[in-house]
Amino acid sequence: MSTDITRAEVCVAACSDAWRGSGEVLAHAVGLVPTISARLAKLTHSPDLVLTDGECFLMSEPPPLGRSAAAGGTIESWAPFRLIFDILATGKRHSMMGASQVDRFGNQNISSIGDWRKPKRQLIGVRGAPGNTVNHRTDYWIAKHSSRVFVESVDVVSGVGNDRARAHGTPSLRFHDLGVVITDLAVLDYDDEGRLKVRSLHPGVTAEQVQEATGFDIDVSSAGTTRVPDAEELRLIREVLDPRSLRDREVRS
Amino acid sequence: MGDKTMPLEDLTQHIESGMTIGIGGWGSRRKPMALVRQLLRSDVTDLTVVTFGGPDVGLLCAAGKVRKLIYGFVSLDSIALDPHFQAIRESGGIETWEYDEGMFVAALKAGANRLSFLPTRAGLESAVMEMNPHLRTVDSPYDDEVYVAVPGVRMDVSLIHLNRADATGNAQYLGPDPYFDDLYAMASTKTIVSTEKIVPTEELGASAPQTLLVSRIFTDAVVEAPNGAHFTTCEPDYGRDEAFQKHYAASAKDPDAWKAFTDRFLSGDEAAYQAAVQQFHAESKEQA
């Protein structure tokens with residue numbers, strides 16, 4: 001095993017694993033590491049994934065990282081914004097989004113901090129999170145695992161957590177499907193009660209470190225170690241997908 | 001077929017204080033900015049604005065024109081947040097209906113169809129229900145599902161910007177994404193179309209009929225406004241003026257800088273604005 005594998009590369013591989021088994025669906029990836037990971041998944045274990053250029057084109061060969069179809073790649077279909085909401089309602093989509101706050105049940109906030117009537121800090125708004133989380137699989141990517149992000153209770157529930165979905169009581173939330181939360185320290189998933197637990201610690205990260213950076217008690221007892229990317233994955237990440245190492249801007253080693 | 005062309009200055013013949021207005025485009029893309037700037041020059045106020053917001057929202061909020069905002073989001077795209085929008089939210093200065101993006105589209109669709117509501121799963125169990133206490137759920141008459149009943153939104157006037165239009169109000173987009181401009185037009189009592197160029201109907205391009213987004217059925221006035229989406233995108237005629245957008249966002253963060261910005265760019269008519277923008281770029285080049 002190469003010892004020069006960066007934390008960003010571990011995160012890309014962990015995120016790539018999140019797409020495994022999704023099948024022929026639209027990969028909605030927000031952020032650099034998720035974007036690279038969806039491309040890596042398509043080039044390795046999940047060739048049927050459908051990628052976008054982040055604008056209105058679906059791509060069989062993606063454009064250069066961070067650029068739209070105008071900069072290259074192969075357009076295979078057209079999905080303007082109006083179609084995206086129809087696609088997500090069909091369920092043929094899988095999101096990996098960011099989060100400004102997440103609580104123990106996976107409730108996610110990207111809207112604002114504080115009371116929404118007069119927020120301490122206005123953020124981007126709920127955007128598509130309420131609809132994504134009740135229509136198809138949703139994962140979260142947290143570039144900096146901290147107790148500011150992992151909070152006891154989120155200020156504005158944008159993405160719907162497991163406790164709320166389970167309390168709902170009609171079949172209307174049967175497509176609610178939170179997958180994993182991947183951070184720069186660990187891979188988290190949910191226990192039988194819908195609570196976050198640590199599935200694996202990234203190499204070099206301790207259980208204490210993760211507990212310290214999490215604003216609520218979290219079960220680390222069954223955590224393994226996150227796998228590192230293999231030689232072929234490293235080659236794809238470094239030479240094909242992200243030769244300019246943009247991933248290191250999101251995750252520092 | 002009537003000639004619906006109208007000088008920009010006549011916009012406020014169609015807009016009164018207290019109205020609900022829709023603004024097309026998406027974020028910092030193909031916004032009817034010349035029309036928005038004309039609103040800034042008017043004494044119209046107390047508006048309810050319905051939009052996927054970009055700098056249109058920031059500018060109107062900063063000018064004190066907005067009482068209530070119904071939005072899917074507000075963003076400048078390449079700059080995540082509009083500083084004016086942030087500031088007015090953080091001061092509690094406007095009433096807001098913050099919707100999930102799909103819910104916002106449902107509201108437009110219902111409004112366009114003259115329906116009281118459309119059902120959607122989006123919003124269930126999220127804070128959107130608490131942030132919008134007017135929202136109700138509806139029981140399915142066919143099974144035991146329940147949905148959010150997104151109320152249809154109808155607007156007094158919608159403002160949209162398209163690449164080409166004819167004098168009667170048929171309008172065409174040439175870029176890759178129509179956004180929701182046709183829905184705004186159908187969900188509004190009146191629609192004002194601004195366009196890069198007014199062309200004869202036969203030049204609207206029967207070779208690509210799917211680009212003919214808005215029919216004159218829905219258009220009340222057409223304003224020729226070259227560079228009228230500036231500084232947002234109007235693909236393929238032009239992309240976003242990123243340097244100017246940066247200048248806008250930086251100025252919006254500081255009262256003195258904002259006063260300088262408004263004095264320089266927003267104190268005259270549209271021709272003065274466009275000339276000041278050219279001057280801004282000429283000076284940037286000299287400094288480079």
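Hydrogens, waters and symmetry mates play no part in the numbers below; they use all other heavy atoms, side chains included. Numbers restart at 1 for each chain; the letters A, B, ... are given by sequence-line order, proteins then strands.
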Practice task
Any chance you could measure Glu55(A), atom CD, to Thr233(B), atom OG1, to the nearest 0.5 Å?
Solution key: 8.0 Å

Completion exercise
When rounded to the nearest 0.5 Å, the distance separating CD of Glu98(B) from CH2 of Trp116(A) is 9.5 Å

Handout entry: Closest heavy-atom pair and its distance - Trp78(A), Pro176(B)
Key = NE1-O, 2.8 Å

Handout entry: Heavy-atom donor-acceptor pair, Gln122(A) side chain to Phe85(B) backbone, under 3.5 Å
Key = no

Problem - Test item: Ser111(A) and Met131(B) side chains (from C-beta on) under 4.5 Å apart, heavy atoms - result: yes

Practice task
Verify the neighbour count for atom CZ of Arg67(A): are there more than 12 heavy atoms of other residues, nucleotides or ligands below 6.0 Å?
Solution key: no

Problem - Toward chain A, the part of Tyr99(B) with a non-hydrogen atom under 4.5 Å - result: backbone

Practice task
Give, as side chain, backbone, both or neither, the part of Ala70(A) having an atom under 4.5 angstrom from any heavy atom of chain B.
Solution key: neither

Problem - Main-chain N/O of Leu123(A) paired with Gln86(B) side-chain donor or acceptor, under 3.5 Å - result: no

Handout entry: Rounded distance [0.5 Å steps], CZ in Phe85(A) versus CZ in Phe180(B)
Key = 5.0 Å

Practice task
Nearest 0.5 Å please: distance from the CG atom of Asp139(B) over to the OG1 atom of Thr170(A).
Solution key: 8.5 Å

Exercise for the section: Answer yes or no: are there more than 12 heavy-atom neighbours, outside Lys68(B) itself, under 6.0 Å from its atom NZ? Expected result: yes

Problem - Greatest number of heavy atom pairs closer than 4.5 Å to chain A - which of Ala106(B), Gly93(B), Ala87(B), Ser91(B) - result: Ser91(B)

Handout entry: Flag if over 12 foreign heavy atoms under 6.0 Å of NZ, Lys197(A)
Key = yes

Practice task
Anything under 30° is parallel, anything over 60° is perpendicular, the rest tilted; go ahead and classify Tyr179(B) against Phe81(A).
Solution key: parallel

Practice task
For the pair Asp177(B) (side chain) and Cys56(A) (backbone), establish whether a donor and an acceptor sit closer than 3.5 Å, ignoring hydrogens and angles.
Solution key: no

Practice task
Please determine, among Ile124(A), Asp86(A), Asn132(A), the option with the most heavy-atom pairs under 4.5 Å with chain B.
Solution key: Ile124(A)

Handout entry: Contacting moiety of Val105(B), where chain A heavy atoms sit under 4.5 Å
Key = side chain

Problem - Contacting moiety of Leu81(B), where chain A heavy atoms sit under 4.5 Å - result: side chain

Handout entry: Arg82(A) with Asp181(B): basic N within carboxylate O range, under 4.0 Å
Key = no

Problem - Flag side-chain contact, heavy atom, 4.5 Å: Val126(A) against Val128(B) - result: yes

Fill in the blank from the handout: dist Arg117(A):CZ -> Arg89(B):CZ (nearest 0.5 Å) comes out at 10.5 Å

Problem - Proximity breakdown for Thr120(B) and chain A, heavy-atom pairs closer than 4.5 Å - result: neither

Exercise for the section: Check whether any side-chain heavy atom of Glu90(B) lies under 4.5 Å from a side-chain heavy atom of Arg121(A), and answer yes or no. Expected result: yes

Completion exercise
All heavy atoms of Gly131(A) vs all of Ala122(B), minimum pair found to be CA-CB, 3.5 Å

Problem - Leu124(B) vs Leu173(A) side-chain heavy atoms within contact, under 4.5 Å - result: yes

Fill in the blank from the handout: If you tally heavy-atom pairs under 4.5 Å between each of Pro171(A), Ala79(A), Ser112(A) and chain B, the highest tally belongs to Pro171(A)

Practice task
Measure across Arg121(B) and Arg174(A) and return the closest heavy-atom pair with its distance rounded to 0.1 Å.
Solution key: NH1-NH1, 3.8 Å

Handout entry: Interchain contact, Glu130(B) with chain A, by part (heavy-atom threshold 4.5 Å)
Key = both

Handout entry: Donor-acceptor contact below 3.5 Å, side chain Ser126(B) vs main chain Gly159(A)
Key = no

Problem - Among Ser172(A), Ala69(A), Gly169(A), residue most engaged with chain B (heavy-atom pairs, under 4.5 Å) - result: Ser172(A)

